[in-house]
Amino acid sequence: MEYNFKEIEKRWQQTWAAEQTYHVTEDPSRPKFYVLNMFPYPSGAGLHVGHPLGYIASDIYARYKRLRGFNVLNPMGYDAYGLPAEQYAIQTGQHPAVTTARNIDRYREQLDKIGFSFDWDREVRTCDPSYYHWTQWAFERMFASYYDNRLAQARPIRELEEAFATGGTAGVDAACSEELSFTAAEWEAMDWKRRQETLMNYRIAYLGETMVNWCPKLGTVLANDEVVDGVSERGGYPVVQKRMRQWCLRVSAYAQRLLDGLERIDWTDSLKETQRNWIGRSEGTEMEFRVKDSDVRLTIFTTRADTIFGVTFMVLAPESELVGQLTQPAQRAEVEAYLEATKKRTERERIADRRVTGVFTGSYAINPFTGESIPVWVSDYVLAGYGTGAIMAVPAHDSRDYAFARHFGLPVVPLIEGADVTQESFDAKEGTVMNSPRAGVEALDGFSLNGLEVKDAIAATKRFVTEHGLGRVKVNYRLRDAIFSRQRYWGEPFPVYYKEGMPQMIPEECLPLELPEVTKFLPTESGEPPLGNAQQWAWDTAARRVTDKARIDNVTVFPLELNTMPGFAGSSAYYLRYMDPHDDKALVSPEADRYWQAVDLYIGGSEHATGHLIYSRFWDKFLFDIGVSCADEPFLKLINQGMIQGRSNFVYRIKDTNTFVSAGLKDGYDVTPLHVDVNLVQNDVLDVEAFKAWRPEYADAQFVLEDGKYVCGWAVEKMSKSMYNVVNPDTIVERYGADTLRLYEMFLGPINQSKPWDSNGIDGCHRFLRRAWNLYFRKDGAPAVTDEAPSRESLKSLHKLIRKVTEDIEAFSYNTSVAAFMIAVGELAQQKCTSRAVLEPLAILLAPFAPHIAEELWHRMGHATTVCDAEWPAWDEQYLKEDTVTLSVSFNGKTRFTLDLPADAPREEIERAALSAEQTRKYTDGFQIVKVIVVPRKIVNIVLKK
RNA sequence: GCGCUUGUGGCGAAAUUGGUAGACGCGCCAGACUUAGGAUCUGGUGGUUUCGGCCGUGUAGGUUCGAGUCCUAUCAGGCGCACCA
């Protein structure tokens, strides 16, 4: 009987769909397990073989867990909002909703062919109103919340209003954009608008005037993680810094919790480290410097408070508002020219060209410890967005300050004994402090750090600063608030209208606020975002619905927000929605949430480390605070699947001809290597006829063959259309079947490693499946499975396999379990094993990896129910025991001969046998036996000495 | 510059965690069956060898009876962060 994978796979896929085999419901009688893949953005190019890698790995685990009695949630959906569909819409006029739906259909078709155990009933699409209803809802809750630093928790903004009314800002410790200070009376005196503005300073979702990454080409702002090397991640367009009023999320309030949470989750060290880096916690001191002849106080942040005696100048960021106040008339022209020049430089230019630039303001700060005057400069090496936007410069012990001091001829005062600062600064935080203060300089209260170790000097300075009211100990984070608006069409609309210029939320019960139709996807002529083109885009507060813009009277009808939300909005809480995808009363019902808790296993690429995986953790912590999610970490275990790279093929054209030379002969000619579509190549041999048909210019191509074949060259490159190395999973499924594809993707190597797709090895996996199939049938096609008792040998093969596969799946080492299958099937074939007692468990073991063939074999063995509900077999140690064991006998670590002994021989007997073996005499002759080391069942090592 | 990570045959990779390095697959070689093979099956396949062995896990040391595995130094690749004070 032939292994007809096409027929088998098609039939079972239909059956599973018809019988809802993978439909899952909350079942408190069974333990739950939640497996999740990062949902894909449905691009127009469809899936290539790299995409399903993670899906297959998680599907194997999901099926395995189900076989072990778990109630497994394994959902799939689409991250459907995104720039490519919109860019395509701008070019072609095709509505993004149309292209997105088409791409989703294509993805679904491709996914269905691979035989996943997804519960499609729980599918979500971020662009569905029923889905983004809850994205908008979460945003509204963030707007209505502030972060209480003392409780380390989000609280209703109402509580803050009450606190302001009773005591002003005194006693309030809340995360904010700007430290404010007012009394209850001042709060009471504020009008509605003023209060709204004040509250905005505290809201978790807030409208903020900030420096943003503006991408003129895309016509939108971008989050920090969407900017790579000063250009946009999508498209690679230049990005400039621009001050704009934008929606932001106060992610920074959660910095410490995001950091602490990493301790409790099972992620790779490298990923946790990446997040720690991104959060960038830095413990230091904030110190105040008075300015000579001015009321201005300069606050700076430093991690090296101990270097206070080496401060020889101060530097302000060009964007700092203090620049204007501190610039003296004599320096005004120069400073303004500098600010102008800095503004013109893009982020990219600043990174590419690290010239030392700066300008003196004419003002002098006063060192709070010594009273010395210190010149205040402006330079773009100080960033406005970090710390206070001002620094104390210690050129002797900071390389950037050093470069600046050398360039402008400012003094360098070394503070560490033995540090040579004639050529470069001494940045290390070690050594003994000196010159603190210098001889002859009197410090405040006789303070001195001389003779202390740097570590102790930092602590001593912190203590002194706090005690003398010169500043405070402060923790800074690199993590910035997330900019949450995009000037694009294809995204979630904000449920926001504007009254007196202040944003108002649309009532929760009126959600979702649906994305309006527009005629054009480009910004309006007046520079408004694309939603400015929508006619039906105003909010009627009386009728509580969207209405025509023309009716705006700012009395009952108000303009709606024109920005839309960024890509990460929809992907931040989708794992919660899968728990309860059809609920129209809540994002997730408490029952469903309590049952599924959190994602037990999350699989996806590490490229989301500083984007989605931060935002999602933030979003979840917020939902945890307001009691919607019961888990404060959303993804308990995370595995990063490696990228599948492309394996490109090349043909070699002899220059100025249409003749192509086979790879082995190309060195004899002057050739140009050209990418050739890998689908025209099999095992590196070119299908010459297909090649001729590929492109008109190759129709009359000539070939120089080797051994009658045209052999192509190859290289590992990114899988992309332009390299002609994209391998489509459908092609593989068509040729070998889904089970072979699944097996082969896993066999390729460890899932967390990047590796090139190489179709060359796939035959091996396909052969394995055929051999497995052949175990179950006789040559004439009749079923071979019998009720005979299995041989001990066969049981040993089976139980060895059960143990190996079970342990490997638990360790996500799928490539080695596939190898174990190959060995076991080979052994069983050799043993001519036909016993049901062996072949049935074998089919179950195979089910997670190759579900179609397993299901088919299971049914052919007479089972009416699906193999998915079978019970995972357990191994029995008694079959794994050996009767005899072959020991290696080594002398001084070198193996010389082997010895067969009963497996249960005690240590003494092994030792005796080794010493009395006749070969032993040969090696011990003339030596003294120092000791004998017995590694039971493995090695006897005899240590010799002359 | 800082952090993380990986170096093993012609290739993808294994190695029970300190115990016979290279499982399994590809490729290659030989054979069988075939008019034929890009089909199938069987056997072989790290290097070297005077056929006793000897040498082999990026490089150089160290610990150990014994090191791919542990320690020290060093080189190379990949990823992340990067005027973050």
Side-chain angles (χ1 to χ4, degrees), chain A residues 268-282 284-285 300-305 307 315 317 350-351 354 356 379-383 385-394 397-401 403-404 427 476-480 606-607 609-610 640 642-643 647 682-685 687 709 714 743-744 747-750 752-765 767-768 770-771 803-804 807 813 815-823 826 886-898 930-945:
Chain A
T268 60
D269 287 340
S270 71
L271 199 78
K272 286 186 185 181
E273 204 52 37
T274 302
Q275 289 213 340
R276 284 194 195 103
N277 264 332
W278 188 258
I279 295 166
R281 182 191 155 97
S282 167
T285 315
I300 59 91
F301 175 78
T302 179
T303 53
R304 291 296 303 274
T307 59
V315 188
R350 270 170 75 155
I351 292 166
R354 290 194 181 175
V356 178
S379 175
D380 66 1
Y381 85 87
V382 173
L383 306 177
Y386 184 77
T388 59
I391 62 154
M392 63 177 212
V394 185
H397 302 290
D398 183 288
S399 52
R400 297 151 304 182
D401 297 344
F404 194 84
D427 290 16
N476 261 335
Y477 299 92
R478 205 188 70 94
L479 185 72
R480 312 291 167 79
S606 58
E607 67 273 18
T610 55
N640 291 121
M643 286 242 288
R647 188 178 183 277
Q682 215 178 345
N683 290 358
D684 287 337
V685 176
D687 181 335
K709 294 181 285 192
W714 61 274
L743 224 43
Y744 185 58
F747 188 61
L748 222 43
N752 56 345
Q753 247 170 59
S754 287
K755 58 236 155 183
W757 176 265
D758 181 354
S759 299
N760 289 346
I762 201 161
D763 295 296
C765 286
R767 259 197 292 272
F768 156 72
R770 247 190 346 241
R771 283 181 196 147
R803 179 171 68 178
K804 181 75 177 147
E807 287 173 354
S813 175
N815 55 334
T816 51
S817 34
V818 175
F821 272 115
M822 290 173 173
I823 296 168
T886 304
L887 286 153
S888 310
V889 182
S890 317
F891 297 92
N892 286 347
K894 292 252 187 253
T895 301
R896 297 299 172 170
F897 62 92
T898 59
V930 178
K931 61 176 159 175
V932 180
I933 293 140
V934 178
V935 180
R937 303 165 59 82
K938 277 189 181 147
I939 283 172
V940 182
N941 191 24
I942 299 166
V943 186
L944 305 173
K945 203 172 79 179

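Below, chains carry the letters A, B, ... as their sequence lines are ordered, and counting in each starts from 1. Bear in mind that the values here come from a model prediction, so they are computed numbers and not experimental data.
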For B:U45, glycosidic torsion class - syn if within 90° of 0, otherwise anti: anti
Any A:Tyr386 side-chain N or O less than 4.0 Å from OP1/OP2 of B:A85: yes
Sugar-phosphate only, base, or nothing, as touched by A:Arg281 at under 4.0 Å among non-hydrogen atoms: nothing
Minimum heavy-atom distance between A:Lys755 and A:Gly749, given as atom pair plus value: NZ-O, 3.5 Å
Phosphate OP1/OP2 of B:U40: any A:Arg767 side-chain N/O under 4.0 Å: yes
Pair partner, B:G10 [Watson-Crick or wobble, under 3.5 Å]: B:C26
Closest-nucleotide 5' rank along RNA chain B - winner of A:Ser890 and A:Thr302: A:Ser890
B:G43: syn or anti, per glycosidic angle within 90° of 0: anti
C1' gap between B:A23 and B:A14, integer Å: 5 Å
Heavy-atom closest pair, residues A:Met822 and A:Gly764: CE-O, 4.2 Å
Reading 5' to 3' through nucleotides 4-14 of chain B, protein heavy-atom contacts under 4.0 Å coded B for base, S for sugar-phosphate only, - for none: S-------BSS
N or O in side chain of A:Ser282 less than 4.0 angstrom from B:A85 OP1/OP2: yes
Close side-chain approach of A:Thr268 to A:Asn640, heavy-atom, < 4.5 Å: yes
Whole-Å distance separating the CG atom of A:Asp398 from the C1' atom of B:C83: 9 Å
Any A:Arg771 side-chain nitrogen or oxygen under 4.0 Å from OP1 or OP2 of B:C41: yes
Whichever of A:Thr886 and A:Arg480 has its nearest RNA chain B nucleotide further upstream toward 5': A:Thr886
Residue A:Met822, side-chain atoms from C-beta onward, closest of B:C24, B:A85, B:C65: B:C24
Residue pair A:Ile939 / A:Ser890: nearest heavy atoms and the distance that separates them: CG2-OG, 4.1 Å
Value in whole Å for how far the P atom of B:G80 lies from CD1 of A:Ile279: 18 Å
Complementary nucleotide for B:C4 - Watson-Crick or wobble, under 3.5 Å: B:G78
Exercise: identify the closest heavy-atom pair between A:Met392 and A:Arg304: CE-O, 3.7 Å
Rounded distance in Å between the C1' positions of B:A73 and B:G66: 23 Å
Out of B:C65, B:C81, B:A85, whichever nucleotide has its closest atom nearest the side chain of A:Asn941: B:C65
Distance, P atom - from B:U16 to B:G52, rounded to whole angstrom: 33 Å
Euclidean distance, atom CE of residue A:Met392 to atom P of B:C83 [Å, nearest integer]: 21 Å
Atom C1', compared across B:C55 and B:U5: separation rounded to whole Å: 30 Å
Side chain proximity check, A:Tyr744 to A:Trp757, heavy atoms < 4.5 angstrom: yes
Under 4.0 angstrom between A:Arg896 side-chain N/O and B:U20 OP1 or OP2: no
Sugar-phosphate, base or nothing in reach of A:Ile933, heavy atoms under 4.0 Å: base
Atom pairs under 3.5 Å: protein N/O with N/O of nucleotides 44-48 of chain B:
none

Least distance between heavy atoms, A:Ala820 atom then A:Lys804 atom: CB-CG, 3.5 Å
Counterpart base for B:G52, defined by Watson-Crick or G-U wobble contacts under 3.5 Å: none
Rounded interatomic separation in angstrom, taking CG from A:Asn640 and C1' from B:G78: 14 Å
Atom pair OG1 (A:Thr302) and CG (A:Asp398), whose distance is rounded to the nearest 0.5 Å: 8.5 Å
Approximate separation, where rounding is to 0.5 Å, of A:Thr886 OG1 and A:Lys938 NZ: 13.5 Å
Atom-to-atom span, NZ of A:Lys938 to P of B:A21 - whole angstrom: 12 Å
Spacing of A:Ile942 atom CD1 relative to B:C65 atom C1', expressed in whole Å: 11 Å
Reported CZ-to-CG distance for the pair A:Arg281 and A:Asn476, which is rounded to 0.5 angstrom: 10.5 Å
Non-hydrogen atoms of A:Tyr386 and A:Tyr477 that approach each other most closely: CE1-O, 3.8 Å
Who pairs with B:U34 - Watson-Crick or G-U, where each distance is under 3.5 Å: none
Euclidean distance, atom CZ of residue A:Phe891 to atom C1' of B:G66 [Å, nearest integer]: 14 Å
P atoms of B:G68 and B:U57, separation to the nearest Å: 7 Å
Interatomic spacing from CG in A:Leu479 to CD1 in A:Ile279 - rounded to 0.5 Å: 6.0 Å
Paired nucleotide for B:C70 [Watson-Crick or G-U wobble; both distances under 3.5 Å]: B:G62
Separation between the C1' atoms of B:G56 and B:A67, rounded to whole Å: 14 Å
Syn/anti label of B:G44 as read from its glycosidic torsion, with the cut at 90° from 0: anti
Among B:C81, B:A85, B:U20, the one nearest A:Ser888 by side-chain distance: B:U20
B:A36 versus B:U45 - spacing of their C1' atoms, nearest Å: 27 Å
Residue A:Ile939, side-chain atoms from C-beta onward, closest of B:U20, B:A85, B:C65: B:U20
Base-pairing mate for B:A85 - Watson-Crick or G-U, with both contacts under 3.5 Å: none
Rounded interatomic separation in angstrom, taking CG from A:Asp380 and P from B:A85: 17 Å
Rounded C1' spacing from B:C51 to B:U42 in Å: 27 Å
Whether A:Tyr381 and A:Phe404 hold their rings parallel, tilted or perpendicular, with breakpoints at 30° and 60°: tilted
